[in-house]
J.: 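I am attaching a structure below and will ask some questions about it afterwards.
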Protein chains: 2
Amino acid sequence: MVASVNSRRRSRDDVAEMALRLLDEYGLPDLTMRHLATALGVQPSALYWHFPNKQALLAAVSELILAPMRETPADDLSVHEAVRLVGSRLRECLLAYRDGSELVSSSLALGLVSSPVRAQLLEVTRRHEVPDGQAEVAAEAVMHFVVGATFHEQQRLAADQLGLLAEPVAPGPDGARAGSGADGGDFAEALTMIAHGLEVSIAQDRSRGN
Amino acid sequence: MVASVNSRRRSRDDVAEMALRLLDEYGLPDLTMRHLATALGVQPSALYWHFPNKQALLAAVSELILAPMRETPADDLSVHEAVRLVGSRLRECLLAYRDGSELVSSSLALGLVSSPVRAQLLEVTRRHEVPDGQAEVAAEAVMHFVVGATFHEQQRLAADQLGLLAEPVAPGPDGARAGSGADGGDFAEALTMIAHGLEVSIAQDRSRGN
DNA sequence: ACCTGAACACCGTTCAAGT
DNA sequence: ACCTGAACACCGTTCAAGT
């Protein structure tokens with residue numbers, strides 16, 4: 001509870017915070033233990049006192065990126081609304097830092113970080129008396145879709161930023177509807193689709209007698 | 001059409017095929033240009049005549065892994081069935097090689113490989129006169145969910161294989177229903193959910209007058 | 001057309017030793 | 001408790017030169 005006295009955890013968090021700054025400024029490929037050490041004015045080997053290895057450090061950075069998810073109020077929402085809100089909130093978190101989605105994607109897959117949507121979604125579904133099983137499945141679907149789609153999206157953004165002159169796409173009469181992939185609109189549509197699917201599952205479950 | 005005469009593409013494909021073998025046997029972290037060169041009896045620099053860089057080589061390997069998707073017949077299926085079949089077929093492809101899902105996940109995100117489900121799904125939805133927009137959104141949702149979930153699943157399998165003694169999980173009375181994550185059953189449930197969601201989207205679209 | 005040899009500019013991690 | 005110094009065992013990539 002008393003945080004200012006204890007300086008023990010401080011420097012560990014400082015390392016993760018500096019890593020996040022470097023990530024945002026130079027990207028994941030340049031987030032090396034050596035660069036990070038230099039930015040902290042320390043030898044690379046010093047980092048291994050705070051973290052057992054690089055993946056653990058990256059997991060800590062992932063948690064910083066996902067921190068806003070914990071304070072996303074999903075109370076008094078319908079199940080449908082909760083899926084859409086939590087999903088798009090997660091997308092915002094991942095887009096907030098350069099290469100954020102790639103970093104979180106791997107930490108998540110390695111199992112070094114817990115689902116950033118599970119708790120919020122289960123809270124809502126429980127209030128609506130939805131069985132946890134259905135809610136867990138939906139939470140997994142939302143998480144994997146959002147992380148995958150946002151990773152893809154962020155990569156395209158980065159590519160466009162490098163080759164600005166290559167394919168300007170020229171938002172003409174048909175606006176952003178060109179290109180091959182999903183934009184923000186498609187993203188919202190997909191979340192709506194998943195929410196619909198969850199509702200159908202719930203209804204079917206109830207008609208079978210809970 | 002005549003393949004046996006031309007030896008030009010042969011060696012390029014040989015490189016990708018050997019890379020796939022090394023991937024399956026030693027895993028992605030040990031799939032280095034140097035190991036691959038050694039396995040081919042060649043200098044590392046020789047690989048750069050066939051591929052501009054490692055990512056391009058990995059994309060070629062991804063395509064080998066995804067090749068069976070092209071010959072998955074989705075004809076005369078309902079939209080619902082097609083989503084489930086294509087989704088679980090993709091999962092099988094990714095699980096067929098060690099670290100297959102991780103490799104394909106990154107090639108996909110980098111945009112170096114095209115969607116392994118889009119073509120099949122669009123073929124079916126068109127026969128059922130579903131607007132392409134809905135189908136594209138569903139295809140994205142299916143792809144990202146399957147790749148993400150399978151990546152997660154494959155990583156857990158690998159972890160369990162290393163620490164076999166750590167948590168044997170001991171499939172007791174409640175069978176495989178323990179643990180925190182999604183198993184094969186949850187995977188199928190999630191696909192069903194997405195299929196349901198697509199059906200609702202289609203129905204809503206039609207009631208608005210196509 | 002396809003490959004070698006040699007180099008460049010890096011990596012993550014360990015570990016004895018310092019303070 | 002926290003860090004240095006020095007090393008180990010690697011990486012991907014380039015490029016002149018060979019055949």
J.: Which nucleotide wins on minimum distance to the side chain of B:Trp49, given the candidates C:dA1, C:dT13, D:dC3?
T.: C:dA1
J.: I want to confirm an ordering. Mapping B:Arg34 and A:Leu31 to their closest nucleotides on DNA chain C, which one lands closer to the 5' end?
T.: B:Arg34
J.: Only pairs with both distances under 3.5 Å count, Watson-Crick or wobble alike; so what is the partner of C:dG5 in this structure?
T.: D:dC15
J.: Closest to the B:Tyr48 side chain: D:dT4, C:dT13, D:dT14?
T.: D:dT14
J.: Among the nucleotides C:dG5, C:dC2, D:dC3, which one has an atom lying closest to any side-chain atom of A:His50?
T.: D:dC3
J.: Between B:Glu25 and B:Arg98, is the closest basic N to carboxylate O distance under 4.0 Å?
T.: no
J.: Start at the 5' end of DNA chain C and walk down; is the nucleotide closest to A:Pro52 or to A:His35 reached first?
T.: A:His35
J.: Has B:Gln43 got a side-chain N or O lying under 4.0 Å from the OP1 or OP2 atom of C:dG5?
T.: yes
J.: Would you mind telling me which of C:dT4, D:dC3, D:dT13 lies closest to the side-chain atoms of B:Pro44?
T.: D:dT13
J.: If you draw a 6.0 Å radius around OH in A:Tyr26, do more than 12 non-hydrogen atoms from other residues or ligands fall strictly inside?
T.: no
J.: Under a 3.5 Å cutoff, is there a donor and acceptor pairing between the side chains of A:Thr150 and A:Ser101?
T.: no
J.: Ignoring hydrogens and angles, are the base of D:dG5 and the side chain of A:Ser45 linked by a donor-acceptor pair under 3.5 Å?
T.: yes
